[in-house]
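Step one of this worksheet: look at the structure below.
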Amino acid sequence: MKLIFERSRAGRGLSLLPECDVPKAEFDAAFLRESAPRLPEMSEVELGRHYTELAAETHGVNDGFYPLGSCTMKYNPRIDEELAALPDFADIHPLQPTESVQGCLEVLYRAEELLCEITGMDAMTFQPAAGAHGEYTGLLLIRAYHASRGNTERTKIIVPDSAHGTNPASAVMAGFKVVSVPSNAEGGVDLEALRAAVGPDTAGLMLTNPNTLGLFDPNILEITRIVHGAGGLCYYDGANLNAVMGRARPGDMGFDCVHVNLHKTFATPHGGGGPGSGPVGCKDFLAAFLPAPRVGRSESGYTLTQPPQSIGRVRSFYGNFLVVVRALAYIMTLGREGIPAASAGAVLNANYLMHALAGRYEMAYDGACMHEFVMTLEGLKHKTGASALDVAKRLLDFGIHPPTMYFPLIVHEALMVEPTETESPETLDSAAEIFLQVLDEAEANGESLHSAPHDCVISRPDEVAAARTPILRYAFDG
């Protein structure tokens, strides 16, 4: 399809804004452009057609199966969107007096109560705007805690080799050195390697449980005991919380702080750049360091409070508030019975699909999985020449978004699949048939998959060239 700039014609336009009813602001010439921006000029009907055509060429969870591993691309209830769009939520200003936004402050207060109950934490901040931002904030809490005790020698964060890539990146950004520990043969943390890694310089551990292999570590209590025994703190990456919410709590596993991806687990459309929210919860002894302000409650209503040893703001105002509205609506709608039912559905669907494929696809690890599972296509590539990338690209022709490719890095030719709890058995049966059909094609003629996808709007791009020489702006003639 044509780019919007290619559809543009000089002189065309439409009026979307009403007449200005306030005095016009005048700016100093030093702050003004020398020439007008070269924006597209289009009629309303052409503009509508352009974006309708663009939407038709995208793939989202409303279009078909979207099993992107560790990302929880699930369908979210429309009622959460409708509640977040209510004018008293959507039209407020963050600088309004607290007495005029008591309902909004109650949303934050109630969401904190419920999320602390789900995670086993005592306090929470909603300022972080995404999961990785939450990781960074949690690590700042750990750093502030050690600094308050004069333990400046604690400079190292331990990260398993199966961790999300943001974990070591966040640790470095927070000023720590990263120590990687390997996985054992079962896909969990190697306890002996962990014991060898901890010491007086250990600030903490970052860990996802279930991990990115889709496995719940049976040694999780021993892992947190080892780190605590060395004087370190334990940080829980909540990216995979949808697998255990309502059934197991990070706080009960021995973790001191946690981030939660509201945009993955608690009903905000995920992907496409946002919006996101990565609130951070912590135990009581870390609450004094939380970002300011926090919402408190008194006899006169809801107020904003300042933690005594706050690390300061990590984002403007109170975070992505409307994401919190969606999350609160989701939690209150599902309730005490629905939350664990959702996590059970995620685990059931993953195991259902895994067992449908296990006879033909090679699983990276034996046994039951949690919310996702990892396959290795290393043998298939060696036998037929068809790689994990080839299989993923071919799935596009059948209306399936590819699983996560080549991650975790410890599994060669990996495909990581997460069905989520919102898919029906019929969808999973259909997906299994397609996965097996693609495997049949690969085994019959691996070369045929090298040019996949065959029927999509865009065929396979040169990904190396796209990464090294991306075209990021439109080149105007003249």
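Quantities reported herein were computed from a predicted structural model and do not represent experimental measurements.
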Can you see which heavy atom on [X] is nearest to which on [Y], and at what distance?
X	Y	value
Pro291	Pro307	O-CG, 4.1 Å
Ala392	Leu415	CB-CD2, 4.3 Å
Gly187	Asn211	O-ND2, 2.8 Å
Ala239	Asn261	CA-ND2, 3.3 Å
Phe176	Ala203	CE2-CB, 3.5 Å
Ser70	Glu372	N-OE1, 2.5 Å

How long is the straight-line distance from [atom2] of [Y] back to [atom1] of [X], given to the nearest 0.5 Å?
X	Y	atom1	atom2	result
Lys264	Ser277	NZ	OG	13.0 Å
Arg315	Thr137	CZ	OG1	11.5 Å
Arg225	Ile220	CZ	CD1	10.5 Å

Has [X] got a side-chain atom pairing as donor or acceptor with [Y]'s backbone, closer than 3.5 angstrom?
X	Y	result
His164	Thr166	no
Tyr406	Leu389	yes
Gln127	Ala292	yes
Asn184	Asp190	no
Asp91	Asp88	no
Glu81	Pro77	no

Within the supplied structure, the quantity of interest is the number of heavy atoms (other residues, nucleotides, ligands) at a distance under 6.0 Å from [X] [atom1]; does it exceed 12?
X	atom1	answer
Leu95	CG	yes
Lys381	NZ	no
Leu221	CG	yes

Any pair counted as ring-ring contact (aromatic ring centres under 6.0 Å, His included), so long as it reaches residues 111-130, sequence neighbours left out: none
Side chains of [X] and [Y] only: does a donor on one sit below 3.5 Å from an acceptor on the other?
X	Y	answer
Thr427	Ser424	yes
Ser387	Asp390	yes
Tyr235	His259	yes
Asn349	His371	no
Asn167	Asp237	yes
Asp161	Ser183	yes
Ser343	Glu421	no

Pairwise side-chain contact, [X] with [Y], heavy-atom cut-off 4.5 Å (strictly under):
X	Y	result
Val374	Tyr365	no
Arg195	Glu222	yes
Tyr318	Pro293	yes
Phe407	Met416	yes
Leu139	Met206	yes
Tyr236	Leu207	no
Glu418	Thr72	yes
Leu213	Val411	yes

N-O pairing of Arg326 and Glu82 below 4.0 Å: no
If the threshold is 4.0 Å, N to carboxylate O, is there a salt bridge linking Lys156 and Asp201? yes
CA sep, side-chain torsions, deciding dist, call: Glu413, Thr376, side-chain hydrogen bond (donor to acceptor under 3.5 Å, both in side chains): CA-CA 5 Å; Glu413 292 295 323; Thr376 172; over 6 Å; no
Do any side-chain atoms of residues 333-340 form donor-acceptor pairs under 3.5 angstrom with protein atoms, and if so which ones, sequence neighbours left out?
| from | atom 1 | to | atom 2 | distance (Å) |
| --- | --- | --- | --- | --- |
| Thr333 | OG1 | Ala329 | O | 2.6 |
| Arg336 | NH1 | Glu117 | OE2 | 3.0 |
| Arg336 | NH2 | Glu117 | OE2 | 2.9 |

The side-chain contact (heavy atoms from CB on, under 4.5 Å) partner of Arg394 among Val438, Ile400, Ile434 is Val438
Test Glu112 against Arg294 for salt bridge (charged side-chain N to carboxylate O under 4.0 Å, His left out), laying out the working first. CA-CA 10 Å; Glu112 178 176 350; Arg294 294 188 60 225; 2.3 Å; yes
For residues His59 and Tyr66, establish whether the separation of their ring centroids is below 6.0 Å. yes
